[in-house]
There are 2 protein chains.
Amino acid sequence: MDGHAGIYCPSVRQIADSTVRRLSLYLRFLEELDGRRTTTVSSEALARLGGTTSAQVRKDLSLFGSFGTRGLGYAVSDLIEVLRDILGLDREWRVAIVGAGKIGLALANYGGFRQRGFRVVAVYDNDPAKIGGLWDGHHVRDVATMAGDVARERPDIAVVTVPAGSAQATADIIVSSGIKGILNFAPVKLRVPAGVTVRAVSMATELELLSYALAQRGLGAKGQA
Amino acid sequence: MDGHAGIYCPSVRQIADSTVRRLSLYLRFLEELDGRRTTTVSSEALARLGGTTSAQVRKDLSLFGSFGTRGLGYAVSDLIEVLRDILGLDREWRVAIVGAGKIGLALANYGGFRQRGFRVVAVYDNDPAKIGGLWDGHHVRDVATMAGDVARERPDIAVVTVPAGSAQATADIIVSSGIKGILNFAPVKLRVPAGVTVRAVSMATELELLSYALAQRGLGAKGQA
DNA sequence: TGTTGTGAAGAGGTTCACAGCG
DNA sequence: CGCTGTGAACCTCTTCACAACA
């Protein structure tokens, strides 16, 4: 055990999503800076990299503590450790992938996945054609057996990469098996009880936001045939 | 030409991302309701489906016009058409995929992609091993030839599914070739000139938001070994 | 009567500006 | 002197409450 989880308690109860999103961004920049042997960084420099303002950077960090040195800035390697701790990346997260399809595969093969401490411990599907087969080195199991496996393998997070139509039913199985975190790739809003956290990666929504932006842009100027 | 693009001009100049995101969600629910032959829906019902409030639904829609009937609600099929129009889904979007890998494949095979009017017109990569090969029915071309193709094939949107390290360079090529919309799957913040819209699908960030939420949750109660 | 559309009030996040320190 | 940390002002989005109306 590392025993230092929760050193950086926010003074305020609830931290905004937008803040955590930026912390995650800062961390990526800091790791890049660290790779270039940069030892110190100012809020101004971090802000430029992240497309925000120096005040925003300082405010974001100050919600969790005082990590900088006045007149100097932030020590890159220290801040990396702090942010990893805050974001919960100082430990391993055990992940079950539900839906042995292409999206899950893309995620599992995404370099940052393993590197950030996310480890696939089980893969499920409900398609008899897939069950028993191999998927990225894992045997695909029947989703019906999930609840029984959880006690043994203790996954922390379930990744839902099933079609929209079966996403809610899948989420229900996941919830009832006791998993408290869900990363949802299906283009539906999952309904879960309090105490379970859902995050959605919404390709459909982002595409539509893009479509909206482009359509708006076309109004004033050209409006292509 | 359909000629009715831009009927629904927002009274305010700038619509919030969060609003457009909800419109996209409403549209999905409306299509589901339409499939069940439901003809009318109240803001209250839409709100329940989308996890928001009726006032929010009405406010969101009222930014673009008055589409409901007092005492009755909204006509499902009419509202579907209105939202499709607002979101720019009443036309075809020509898409170039840059990075012939697994994520792009997952996206291209996602049902809603074609169905919502997004059509892949070209696939690029910079890996000589992939160039010339077949990818989901498309010949993979050298990304260096992109600028020349754009004049002929007029893609509206480029999907960036290359590794983080080459994402910015790829975006630069895309921008200089004249494409105005980018859907970015790489875990980096793309820097583009004004006039180009970027949307990011960030698996890394959402994973970290999930990790943060779970880590926080562990503090008060159990704090697993 | 039932539900929309909307001004006004409220909440929450961002920006400002400067005191506080190294 | 430079840069952080932070209360206060600002602004934007959300919620409320009710008039308007089919």
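A, B, ... follow the sequence lines: proteins, then strands. Residue 1 opens every chain.
Ser166(A) contributes no side-chain N or O that, together with a main-chain N or O of Ala169(A), makes up a donor-acceptor pair within less than 3.5 Å.
For the pair Glu44(B) CD and dT15(D) P, the computed distance is 13 Å after rounding to whole Å. Here the P atom of nucleotide dC3(D) and the CG atom of Leu79(A) are 16 Å apart, to the nearest Å. Separating the CD atom of Gln56(A) from the C1' atom of dA9(D) is a distance of 15 Å, rounded to the nearest angstrom. Distance, Arg58(A) CZ to dG2(D) P: 15 Å, rounded to whole Å. Regarding Asp60(B), its CG atom lies at a distance of 12 Å from the C1' atom of dT15(D), rounded to whole Å. Distance, Arg70(A) CZ to dC3(D) P: 14 Å, rounded to whole Å. Regarding Arg21(B), its CZ atom lies at a distance of 14 Å from the C1' atom of dC13(D), rounded to whole Å. In this structure, the NZ atom of Lys59(A) is 7 Å from the P atom of dG7(D), given to the nearest Å.
Going from atom CG of Leu79(A) over to atom CG of Leu27(A) covers 8.5 Å, rounded to the nearest 0.5 Å. Atom CD1 of Ile157(A) is separated from atom NZ of Lys180(A) by 14.0 Å, given to the nearest 0.5 angstrom. Distance check, rounded to the nearest 0.5 Å: CG of Leu183(A) to CZ of Arg199(A) gives 10.0 Å.
Ring geometry, Phe113(B) versus Phe118(B): the interplanar angle falls under 30°, so the pair is classed parallel (tilted spans 30 to 60°).
Contact annotation: Arg22(B) side-chain N/O to dT14(D) OP1/OP2 distance is under 4.0 Å. Side-chain nitrogen and oxygen atoms of Thr69(A) include none within less than 4.0 Å of the OP1 or OP2 phosphate oxygen of dT4(D). Tyr74(A) has no side-chain polar atom (N or O) that falls below the 4.0 Å cut-off from OP1 or OP2 of dG2(D). OP1 or OP2 of dC3(D) has not a single side-chain nitrogen or oxygen of Ser43(A) nearer than 4.0 Å. The side chain of Ser18(B) places an N or O atom within less than 4.0 Å of a non-bridging phosphate oxygen (OP1 or OP2) of dT14(D).
Contact annotation: the side chain of Ile179(B) approaches that of Val150(B) to within less than 4.5 Å [non-hydrogen atoms, C-beta and beyond].
Ser54(B) comes within contact range of no nucleotide atom at all, as no heavy-atom separation falls under 4.0 Å. Nucleic acid contact for Ala16(B): sugar-phosphate only, since backbone atoms but no base atoms lie under 4.0 Å from a heavy atom of the residue.
Helix-axis bend for the helix from dT1(C)-dA22(D) to dG22(C)-dC1(D): the local axis fitted to the five terminal pairs at one end deviates from that at the other end by 10°, rounded to 10°.
A salt bridge (Lys or Arg N to Asp or Glu O under 4.0 Å) with Asp156(B) is found for exactly one of Arg119(B), Arg91(B), Arg94(B), namely Arg91(B).
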Next on the checklist: Using the rule given for salt bridge (charged side-chain N to carboxylate O under 4.0 Å, His left out), can you reason through Arg36(B) versus Glu31(B), listing the C-alpha separation, both sets of side-chain angles and the distance that settles it, and then say yes or no?
Outcome noted: CA-CA 9 Å; Arg36(B) 293 194 219 141; Glu31(B) 287 172 337; over 6 Å; no
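In this structure, a donor-acceptor pair under 3.5 Å is present between the side chains of Thr197(B) and Arg217(A). Arg58(A) and Ser43(A) form a side-chain donor-acceptor contact under 3.5 Å, judged by distance and modelled atom types alone.
Of all nucleotides in DNA chain C, those with any atom nearer than 4.0 Å to a heavy atom of chain A start and finish, going 5' to 3', at dG13(C) to dG22(C).
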